[in-house]
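Report on the structure given below.
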Amino acid sequence: MSLRFDAIKEVSTGHKVPVASSPKITAIFGENVFTLKTARQFLSDEAYKSLTGSIKGGKKIDRAAANSIANGIRAWAESKGVTHFTHWFQPLTGTTAEKHDSFFTIKGDGTAIEEFDGGALIQQEPDASSFPSGGLRATFEARGYTAWDPSSPAFIMEIDEGRTLCIPTIFVAYTGESLDYKAPLLKALESLNRAAVDVANYFDKNIAKVTATLGWEQEYFVIDEGLANARPDLIQCGRTVYGASPAKGQQLDDHYFGSIPERVYAFMRDFEKEAYKLGIPLRTRHNEVAPAQFEVAPIFEEVNLAVDHNILLMDIMSRVAKRHKLKVLLHEKPFAGINGNGKHNNWSMATDTGVNLLAPGKTPKTNLMFLTFFVNTIKAVHDYADILRASVASAGNDYRLGANEAPPAIISVFIGEYLSRVLYDIETRVGDKFDEQDEAILKLDLHRSIPELLLDNTDRNRTSPFAFTGNKFEFRAVGSYANCANAMIALNTILAETLRGFKKDVDSLMEKGDKKEIAIMHVIQRYIVESKKVLFEGDGYSDEWHHEAERRGLGNVPTTPLALDALQTDKARALFENNNVYNQAELEARHEIELENYIKKVQIEARIMGDLAINHIIPAAVKYQNRLLDNINGLKGVGLPETAYESQLEIVKAISNHLQVVYKQVHELVEARKIVNNITDSRTKAIAYESQVKAKFFEEIRYHVDKLEQLVSDEEWTLPKYREMLFLR
Ligand code: ADP
Ligand code: MG
């Protein structure tokens, strides 16, 4: 019998893995993290001071201090049964990378000891040649190194009985070009810090640091592992390339916020426990819209840490799922016809004085500070919508963005009715007579009015890709599988750039004699006028919006290869160079890598479609056809008239028709791929993969395969069906 039926049988025998009832979260939270509290315990005063100085003030750690810190970390790790350590980093492959080394070493005189010195903590040399470098490798040197990022604490990864000390690091080429997500992210955050502090100082001279904050919401599917294993497409592409819609999908809306299935619940409690030990502050878990779809979200944290925690959690979830014989699907679109997975990025900025810069203020002065950062963000999104769009572009996300489900490929900003009115008032009322009128606006009680007004407002509009939700913006176009860093690099860089422009504009008005508040108000007003076309409150899925957006001149790029063009403009080069995030070579390399990733993903999907069609679909169809033919011949043999087998004949014909198309199209698909593979320029090749391979064949082949699924006897069908994957657990 096929894997499919074995898997179905296994599901019904049940796999519930008992999970010990958890202790209080606070009892285990962060127990596998080298927190400052732990550091206090394991480090000398000097070493501790050096570490905190680096974390809080970015001060350099000298070699002696590094040795001492390394010793402390090792002592702590060994007390927890750790034998190996690794530099943990985020290369551009999309996952994380590790290379384990043991503390164990043999000294010159032959004595075996356990050792971990400052050098090993600060820098390692993984073989860089197998990670994507987008041409940087050719231009520069193959060698790269990982360097300790003290701002993200070391942690211990537990895998069964194994315990590994993980040191979060950046990954750079020997010549300094970054080869990962973290290095440019740290640079973007630093640039934002500086620009935001300068502007925040208009309002409060005591502000010395601004930290961007991120709270992600991770969506995912969980299905039975046995069923997943019987789907080569899920295993290789993370999504199903075929599958007819089940009779029941998500139309009843009975899954959303329903009770969590038992087996999944056990899995959730299990991975949450692992996450808590690693200091990931998970807060919510619930069902999502589609059957078998769920969401997990933490309390927000500083961006760099939040990014690390998200990527760590994705890894933990996938591993813990195995214990429960479940499979986590993090792909943006694992199943056609039902919702896909997104990863909303809730984002704001906090000052070292404890103020959320995107929270409406309680006094006229803090009101103006809020308006300043609020309007600057809108302007940043307006001016650099193409950069934001490019930051979330991926082969997987193309199935979601603009595909009439989650946010459209058009970047717009939703701010709610009340704030729209506030901006309108500023736009229209502030003029020459500003001096008299400004008071009224500054005295608006934003603090009290906004939260209430937003509550019903923002939740109703789930169609906006970038929405203000009371005290933060929510960037909703990020893909579920993506490293949040990409979106965060873009967002924080464009705001840094905009804020610097703002400072210049305000200063120049002040030099001309404007009072500070008046100057700020005038620049805000100008920014509102300049960027209001990006504001949109309506239904982002509607056709009207597509027309309206076009009329307004907003970009609408539904496919990755073209969306990535935004990284190749002079505007992009200036933006990333000004903020010291990417130099020209690095930016070009990113572009190249993203294109390569896209090409590979589409290529793999195309191959899997061919494989499944030839090795699963067509054989099943032929088998069933033969059974029908036997039946027809038998009936004929006993002398029955054609009316006795005309239905069977219909099915035989229908199967033939679809089968012929599938076979021919797969053949043509292979030929098309051969031609496209000969293209050398990555951009041209990616565009060709999109238009000549994906757009031309995928849907067409799928249509006929799904028809066959509905015609062929269930018994012959080898691939688990949607109804099984989505509803059996
Ligand atoms: P819900 O959407 O469930 O009502 P919230 O809107 O409060 O909850 O939070 C959604 C996500 O936004 C959470 O991950 C939360 O931590 C995050 N969040 C809340 N405030 C901020 C902030 N100032 N900066 C970044 N993320 C935030
Ligand atoms: Mg939300």
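First listed ligand is number 1; within each ligand, the first listed atom is number 1.
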Going by heavy atoms in the side chains, are Met157 and Cys166 under 4.5 Å from each other?
->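 Contact flag for Met157/Cys166 side chains = yes.
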Can you find an N or O of Thr213 that's nearer than 3.5 Å to an N or O of ligand 1?
->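 Yes; at least one N/O pair falls below 3.5 Å.
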Min N/O separation Lys472 to ligand 1 under 3.5 Å =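 Among all N and O atoms of Lys472, at least one is under 3.5 Å from an N or O of ligand 1.
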Run down the list Pro281, Ala297, Ala359, Pro298 and name the one with the heavy atom closest to atom 14 (O) of ligand 1.
->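 Checking each option, the heavy atom nearest atom 14 (O) of ligand 1 is found in Pro298.
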For the residue pair [X] and [Y], is the inter-centroid distance of their aromatic rings smaller than 6.0 Å?
X: Phe536; Y: Trp545; answer: yes
X: Tyr527; Y: Phe502; answer: yes
X: Phe466; Y: Phe473; answer: yes

Interfacing atoms of ligand 1 (cut-off 4.0 Å, heavy-atom, Gly215) |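 Taking each heavy atom of Gly215 in turn, ligand 1 has 14 (O), 25 (C), 26 (N) under 4.0 Å.
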Run the numbers for me: atoms of ligand 1, each under 4.0 Å from some heavy atom of Ile299, listed by number.
->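 Here the atoms of ligand 1 in question are 16 (O).
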Mind checking whether Asn356 contacts ligand 1 via backbone (N, CA, C, O), side chain (CB onward), both or neither, at a 4.0 Å heavy-atom cut-off?
->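 The part of Asn356 near ligand 1 is the side chain, not the backbone.
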Take the angle between the ring planes of Tyr220 and Phe271 and call it parallel below 30°, perpendicular above 60°, tilted in between.
->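 Rings of Tyr220 and Phe271: perpendicular, over 60°.
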